[in-house]
Amino acid sequence: YPTPNEKTYASFPPPINEPRNAVYPNGTQQHLPHTIIIGVRKGGTRALLEMLSLHPDISSAETEIHFFDWEDQYRKGLQWYVSQMPFSYPHQLTVEKTPAYFTSFKVPERIYNMNSTIKLLLILRDPIERVLSDYTQVYYNHLQKNKSYPPVEDLLLKNNELNTNYKAINRSLYYSFMENWLTYFPLENIHIVDGDYLIRNPFPEIQKVERFLNLSPQIKASNFYYNRTKGFYCLRDSGRERCLHESKGRAHPRINSFLLEKLREYFYEPNKKFFQLIGRTFDWL
Ligand SMILES: Nc1ncnc2c1ncn2[C@@H]1O[C@H](COP(=O)(O)OS(=O)(=O)O)[C@@H](OP(=O)(O)O)[C@H]1O
């Protein structure tokens with residue numbers, strides 16, 4: 001392991017009275033996360049976590065903890081949260097990802113109460129593409145349980161108009177959620193990763209994350225290679241190559257131009273408001 005990086009550690013002072021578990025003989029310890037990937041669902045949160053974990057100073061929780069959004073978990077308290085964290089060395093930053101945090105209204109305040117200066121990572125994708133990805137996820141969940149699921153058009157349309165009550169559409173209204181986050185955290189503390197770029201060319205997006213977290217630049221372009229069969233970038237680490245799970249990078253249903261136009265019209269204003277809110281634009285359709 002590399003020598004402890006004082007600069008990295010010092011820039012993330014753990015909160016006072018932070019609950020921690022005992023130090024293991026090998027010098028590792030569980031503690032509260034230094035940074036959290038808060039979402040968005042289907043934005044590329046797993047890819048971001050795996051790619052960031054290529055960095056030797058990053059230690060990540062393997063599963064989604066759902067601490068701040070699930071009441072049953074939140075009630076267990078911070079000590080329980082700590083117990084869900086990976087064992088990490090003093091120079092490492094701990095990260096967890098739970099994509100549902102971004103769209104859950106109670107979460108910003110709860111994270112703020114834990115650590116008001118925490119740095120947050122948010123990965124977003126074209127809202128329409130995110131809707132289709134969300135649909136595809138639920139479709140496959142049903143398929144696995146041998147249950148049927150309606151075609152995407154049946155969920156997106158109601159009486160030939162866009163069904164704005166459809167959850168997947170709601171979750172793509174980034175503006176409404178971001179407003180809530182910004183009442184608790186300054187914009188500088190929320191780094192937004194462009195999920196569409198991360199798919200096409202992950203390295204520059206990951207470099208930006210390294211800089212945001214004050215990590216030394218250790219992730220290299222050679223850590224990524226394009227896998228034609230998968231149709232996505234995969235990871236190369238110490239000579240080992242691996243792609244994300246087959247549930248990541250599924251084909252989406254095609255929608256007709258009428259529906260696409262409806263979606264574009266619907267997201268046009270909220271997207272514009274979102275860009276104004278964050279002072280940055282994305283090339284979403
Ligand atoms: N390198 C690489 N390999 C595979 N998949 C990649 C990659 N980079 C980003 N993505 C995109 O990640 C999408 C899944 O997003 P999440 O991991 O946030 O989904 S989840 O909310 O945790 O279920 C997933 O969405 P789908 O394409 O709909 O499957 C991918 O498009």
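For clarity, every value in this text was computed on a predicted model and none was experimentally measured. Just so you know, ligand 1 is whichever comes first in the structure, and atom 1 is the first atom listed for that ligand.
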With heavy atoms of Arg41 as the reference, note each atom of ligand 1 found under 4.0 Å away.
-> 21 (O)
Which word best sums up how the rings of Tyr74 and Phe67 line up, parallel for under 30°, tilted for 30 to 60°, or perpendicular for over 60°?
-> tilted
Which residue pairs pass the ring pair (Phe, Tyr, Trp, His ring centres under 6.0 Å) test with at least one member in residues 233-263, sequence neighbours excluded?
-> Tyr226-Tyr233
How far is atom 2 (C) of ligand 1 from its nearest protein heavy atom, and which residue and atom name does that atom have?
-> Phe232 CD2, 3.6 Å
Let me see the working for Glu241 and Tyr225 under side-chain contact (heavy atoms from CB on, under 4.5 Å), right down to the final yes or no.
-> CA-CA 9 Å; Glu241 295 186 342; Tyr225 71 97; 3.4 Å; yes
Under 4.0 Å from a heavy atom of Gly43: give me the atoms of ligand 1 that qualify, with their elements.
-> 15 (O), 18 (O)
Using the side-chain hydrogen bond (donor to acceptor under 3.5 Å, both in side chains) rule, pick out the option among Lys167, Lys42, Arg171 that qualifies with Asp134.
-> Arg171
Compare Leu132, Thr136, Thr45, Ile37 and give the one whose heavy atom is closest to atom 18 (O) of ligand 1.
-> Thr45
Is Arg250 close to ligand 1, meaning an N/O of one under 3.5 Å from an N/O of the other?
-> yes
Which of the numbered atoms in ligand 1 are below 4.0 angstrom from a heavy atom of Gln137?
-> 23 (O)
Note: ligand 1 atoms sitting under 4.0 Å from heavy atoms of Pro99 are 21 (O), 22 (O)
Can Arg250 be said to sit on top of Tyr140's aromatic six-ring, NZ or CZ under 6.0 Å from centre and within 45° of the ring axis?
-> yes
Report the member of His252, Met51, His245, Lys42 with the shortest heavy-atom distance to atom 26 (P) of ligand 1.
-> His252
Could you tell me which atoms of ligand 1, counted from 1 in the order shown, lie closer than 4.0 angstrom to a heavy atom of Glu64?
-> 22 (O)
Pairs touching residues 195-242 that satisfy disulfide bond (SG atoms under 2.5 Å apart), sequence neighbours left out | Cys234-Cys243
Which ligand 1 atoms does Ala47 reach within 4.0 Å, using its non-hydrogen atoms?
-> 7 (C), 8 (N), 9 (C)
Donor-acceptor pair, Arg46 side chain versus Leu244 backbone, under 3.5 Å?
-> no
Does the Arg130 side chain pair with the main chain of Arg41, one donor and one acceptor, at a distance under 3.5 Å?
-> yes
Counting from 1, what ligand 1 atoms have a heavy atom of Arg46 closer than 4.0 Å?
-> 17 (O)
Any ion pair linking Lys262 and Glu265 (charged N to carboxylate O, less than 4.0 Å)?
-> no
Does the Asn227 side chain pair with the main chain of Lys230, one donor and one acceptor, at a distance under 3.5 Å?
-> yes
N or O contact, Lys230 vs ligand 1, cut-off under 3.5 Å = no
What residue and atom, counting heavy atoms only, is the protein's closest point to atom 22 (O) of ligand 1, and at what distance?
-> Lys97 NZ, 2.9 Å
For ligand 1, which atoms, with element, lie under 4.0 Å from some heavy atom of Ser133?
-> 25 (O), 26 (P), 28 (O)
Heavy-atom nearest neighbour in the protein, as seen from atom 25 (O) of ligand 1, with distance rounded to 0.1 Å | Arg125 NH1, 3.1 Å
Which residue and heavy atom of the protein sit nearest atom 17 (O) of ligand 1, plus the separation = Lys248 NZ, 2.9 Å
Nearest-neighbour protein heavy atom for atom 15 (O) of ligand 1, which is reported as residue plus atom name and distance = Gly44 N, 3.1 Å
Which residue holds the protein heavy atom closest to atom 1 (N) of ligand 1, what is that atom called, and what is the gap in Å?
-> Tyr233 O, 2.8 Å
So, the side chain of Gln92 versus the backbone of Pro56: is there a donor-acceptor pair under 3.5 Å, distance only?
-> yes
In this structure, atom 24 (C) of ligand 1 is nearest to the protein heavy atom Gly249 N, 3.8 Å
Considering only NZ, NE, NH1 and NH2 on the basic side and carboxylate oxygens on the acidic side, decide whether Glu71 and Lys106 come within less than 4.0 Å.
-> yes
Would you say Ile199 touches ligand 1, if touching means a heavy atom closer than 4.0 Å?
-> yes
